[in-house]
*Asks:* 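Quick one: structure below, then a few questions.
In this text, all values refer to a predicted model and were calculated from it rather than measured experimentally.
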Amino acid sequence: MSRLEIASPKRARLVIEELYKDLERRIESSPPGLCPVDMARAFLELCHAQTCGKCTPCRIGLGQLNQLIRDVLDGNAAMETLEIMEQTALSIMESADCAIGYEAANMVYKGLIGYRDDYVEHIQNGRCTCAYSQPVPCVSLCPAHVDIPGYIALVSEGRYGDAIRLIRKDNPFPTTCGFICEHPCEARCRRNMMDDSVNIRGLKRVAADFAGEVDPPERAPSTGKRVAILGGGPGGLSAAYYLQLMGHQAVIYEMLPKLGGMLRYGIPNYRLPKDRLDQDIQAVLKTGVEVRHGLKIGRDITIQQLREEYDAVLITIGASTDKKLGLEVEDAEGVLSAVQFLRDVGSSKIMDLTGKEVAVIGGGNVSMDAVRTAKRLGAKKVSIVYRRRTADMTALPDEIEGAVAEGIELQTLKAPASLDIDDKNQIRGIYVTPQMVSSIKGGRAGIRPTGEPDVYIPCDILVIAIGQNIETRHFEEAGIPVERGKIVTRNTGAFEHMPGVFAGGDCASGPASVIKAIAAAKVVAANIDEYLGFHHQISCDVEIPEANLRDRTPCSRVNLTEREACERVRDFDGVENCMTEQEAKQEASRCLRCDHFGYGIFKGGREKIW
């Protein structure tokens, strides 16, 4: 007599859902070297299968577009085919009844514009221009091209010292990166096809924790050449390390009392304990690097003087100045830049925030560092004020989750409008304009005011963390090209009309990650070596364990645990706990050894020297 039934999922639907999850994992782990034309074909066929088939543009047009791409891949196309494809895609975009057909055609159209050279190469020469010289996705996506499968295999066998030696071939900061690297290498880990990516950063941390002190390799014979390096951050120290190994004498000029740059003065101790940072720096200094503290370029020394005194000059000053909001009375008491706030804490100039309300404007990693630091300094209430959504924050998800767990309030979709200052020129609050999401621009949701009245957020301290700049005035005066706040170099790090002067890292690329600064240092060190008339090569004689043939069964990823939030907010001790040796061996065993199997077996898979 029942009229309705409680619906339960059919077995077929459950299987289909599982297939979609498998497909998502495969798309997520697609290596960066796949042929873009073939990738467009695969996605187009998937989109075609998902259309309802009601309208002709989707039902017929997408099928025709798919056949045209197949003609290109099979060598049956001419240059005129590209024009036909372009017109077909535009026609579908303009006439499809729904967004599914439009987006499918738009994807092909964007490819015809964005990687047209690949289509032309297929048509004219019957081959793909896709440079798949590095078949290991994790290594391809690591800016410094660290031999990740190699050191994971060494960790698996308990050879932690050898793992550190192998990492240092491409990255002289293994301990530091074990704590704070943004691990882009994990994004396309092929283990994603099975379950989840390997915890690559966690295994680097294991190697650093268990290896103890590992001396750097022997230097090459001295060349008699001297190189001045401006800035003792990760970029400058990395370049100095490799130049020393090549036999050149590197001299670092650092304006602050200690080396490390933003690693020391920008990243709080709870994320990167400074005694662990010092381990990496000491290994660099053991190579014989000279350091001169307290000298600032443009004030105590000039580029011209350095060019006369040294055989080459490298600029790696980073991005250590702040950006402004552009609001009135921004110089009021209690309004601080995140750069200066974190630098003071890193210099042991501790500000007592007990009982105070702190607001931090920004949604990046620096903002997270600022709010979590303020909490540890005793602030009663700490808020992040961000004009976009939480999903749009550029901070790492783990950092956002960590901040929320420590009691930080997220005030999103609120754009700063004006500051409230008392008669003593002291900040007491900020007015923010409510925002709502709008159209997507460049893959990111735009925002616009909702029209509601401004909201008042009281605060005793306002920290601005909306980005960083570099000090460019002296370099512009010295004739070094600067555009939009960045030093402009060739992709080799050199300057067109200034031989012997090089630049790299954040000052040339804009604020980026530690591993990108290290990667730039590798490039510039090699090119300085060539400029000086040499061709030294950096290598490592560590023997990599052979890949075993046992089956890889699905296995969960081991994540690093953290101290309890209620405990860790009371001090600046490290937040993350390292894996146990048993956990590390299990996690290392999840690596599929792409350097040996698959493409790796016949495409090389390993760069032994650079």
Side-chain angles (χ1 to χ4, degrees), residues 144 146-147 151 154 159-181 204-205 207-254 256-264 272-295 310 312 314 316 505 514-515 517-522 524-526 528-529 532 534 536-542 609-610:
V146 174
D147 187 349
Y151 81 70
L154 291 166
R159 296 167 54 190
Y160 305 115
D162 283 344
I164 293 298
R165 293 184 185 93
L166 183 63
I167 294 169
R168 281 183 182 160
K169 177 178 75 70
D170 303 287
N171 173 7
F173 284 86
T175 303
T176 299
C177 288
F179 277 89
I180 62 165
C181 185
K204 190 187 285 106
R205 166 81 185 274
D209 278 19
F210 293 177
E213 186 175 350
V214 180
D215 288 331
E218 292 293 323
R219 287 184 63 189
S222 175
T223 64
K225 302 293 184 180
R226 291 167 58 80
V227 181
I229 299 175
L230 300 176
L237 285 166
S238 297
Y241 175 80
Y242 291 122
L243 288 168
Q244 287 291 139
L245 295 185
M246 293 171 183
H248 312 304
Q249 181 60 56
V251 182
I252 294 177
Y253 287 80
E254 172 56 54
L256 295 171
K258 292 184 178 181
L259 294 171
M262 294 301 285
L263 294 177
R264 183 179 301 279
L272 175 60
K274 297 307 173 281
D275 58 331
R276 306 303 304 277
L277 169 63
D278 288 335
Q279 292 174 6
D280 284 336
I281 294 176
Q282 285 305 313
V284 172
L285 296 180
K286 276 186 177 182
T287 62
V289 176
E290 295 180 15
V291 183
R292 299 182 183 176
H293 289 286
L295 297 174
Y310 292 89
L314 171 59
T316 57
V514 174
I515 193 64
I518 293 169
K522 275 181 60 178
V524 176
I528 289 176
D529 183 59
L532 296 175
F534 299 89
H536 292 99
Q537 293 179 321
I538 303 296
S539 63
C540 180
D541 58 0
V542 172
I609 59 174
W610 61 268

*Asks:* Determine whether a donor-acceptor pair (N or O, by modelled atom type, separation under 3.5 Å) exists between the side chain of His248 and the backbone of Lys225.
*Replies:* no

*Asks:* Could you go through the side chain to side chain contact (heavy atoms under 4.5 Å, CB included) check for Asp162 and Leu166 one step at a time?
*Replies:* CA-CA 6 Å; Asp162 283 344; Leu166 183 63; over 6 Å; no

*Asks:* So, Arg159 side chain and Val542 main chain: donor-acceptor pair closer than 3.5 Å or not?
*Replies:*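 Answer holds: no.
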
*Asks:* Do you know the tightest heavy-atom contact between Pro234 and Val514?
*Replies:*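 Taking every non-hydrogen atom into account, CB-CG1, 4.1 Å.
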
*Asks:* Is Arg276 close to Phe179 at the side-chain level, that is, under 4.5 Å between some pair of heavy atoms?
*Replies:*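 Yes; the side chains approach each other to less than 4.5 Å.
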
*Asks:* One pair to check against salt bridge (Lys or Arg N to Asp or Glu O under 4.0 Å): Glu254 and Arg264. What are the steps and the verdict?
*Replies:* CA-CA 13 Å; Glu254 172 56 54; Arg264 183 179 301 279; over 6 Å; no

*Asks:* Closest approach of Ile252 and Gly236, non-hydrogen atoms and distance?
*Replies:* CD1-O, 4.2 Å

*Asks:* I'd like to check Val227 versus Ile528 (side-chain heavy atoms, cut-off strictly below 4.5 Å). Are they in contact?
*Replies:* yes

*Asks:* How far apart are the C-alpha atoms of Leu243 and Ile229, what are their side-chain angles, what is the distance that settles it, and do they pass the side chain to side chain contact (heavy atoms under 4.5 Å, CB included) test?
*Replies:* CA-CA 11 Å; Leu243 288 168; Ile229 299 175; 4.2 Å; yes

*Asks:* Donor-acceptor pair, Arg219 side chain versus Gln244 backbone, under 3.5 Å?
*Replies:* yes

*Asks:* Which pair of non-hydrogen atoms, one from Ala239 and one from Ala525, has the smallest distance, and what is that distance?
*Replies:*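 For Ala239 and Ala525, the tightest heavy-atom pair comes out as O-CB, 4.2 Å.
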
*Asks:* Does any non-hydrogen side-chain atom of Pro174 lie less than 4.5 Å from one of Asp280?
*Replies:*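 Yes; the side chains approach each other to less than 4.5 Å.
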
*Asks:* Hey, what do you get for CD (Gln282) to OG1 (Thr287), rounding to the nearest 0.5 Å?
*Replies:* 11.0 Å

*Asks:* Looking at His293 and Leu256, would you say the former's side chain and the latter's main chain have a donor-acceptor pair under 3.5 Å?
*Replies:* yes

*Asks:* First locate atom CH2 of Trp610, then atom CD1 of Ile538, and finally report the distance between them rounded to the nearest 0.5 Å.
*Replies:* 5.0 Å

*Asks:* Going through the checks in order, is the side chain to side chain contact (heavy atoms under 4.5 Å, CB included) test met by Val284 and Leu259?
*Replies:* CA-CA 11 Å; Val284 172; Leu259 294 171; over 6 Å; no

*Asks:* CG of Asp209 to NZ of Lys204: how many Å apart, nearest 0.5 Å?
*Replies:* 12.5 Å

*Asks:* Which heavy atom of Ser539 sits nearest a heavy atom of Ile609, and at what distance?
*Replies:* CB-CG2, 3.3 Å

*Asks:* Is the backbone N or O of Gln279 less than 3.5 Å from a side-chain atom of Glu213, with the two atoms forming a donor-acceptor pair by type?
*Replies:* no

*Asks:* Going from OH on Tyr242 to CG on Asp170, what distance comes out if it is rounded to the nearest 0.5 angstrom?
*Replies:* 5.5 Å

*Asks:* Report, as yes or no, whether the 6.0 Å neighbourhood of atom NZ on Lys258 holds more than 12 heavy atoms from other residues, nucleotides or ligands.
*Replies:*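 No, not enclosed.
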
*Asks:* Any donor-acceptor pair under 3.5 Å linking the side chain of Lys522 with the backbone of Ala144?
*Replies:* yes

*Asks:* Nearest 0.5 Å, please: how far is CD in Glu290 from CG in Leu285?
*Replies:* 11.0 Å

*Asks:* Evaluate the criterion side chain to side chain contact (heavy atoms under 4.5 Å, CB included) for residue pair Leu263 and Leu237; output intermediate values, then yes/no.
*Replies:* CA-CA 11 Å; Leu263 294 177; Leu237 285 166; over 6 Å; no

*Asks:* Residues in side chain to side chain contact (heavy atoms under 4.5 Å, CB included) with Asn171, at least two apart?
*Replies:*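 For Asn171 the side chain to side chain contact (heavy atoms under 4.5 Å, CB included) partners, ignoring immediate neighbours, are Val146, Ile167, Phe173, Cys177, Ile515, Ile518.
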
*Asks:* Please answer whether the main-chain N or O of Arg165 pairs with a side-chain N or O of Tyr151 as donor and acceptor at a distance below 3.5 Å.
*Replies:*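 Pair absent, no side-chain N/O of Tyr151 close to backbone of Arg165.
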
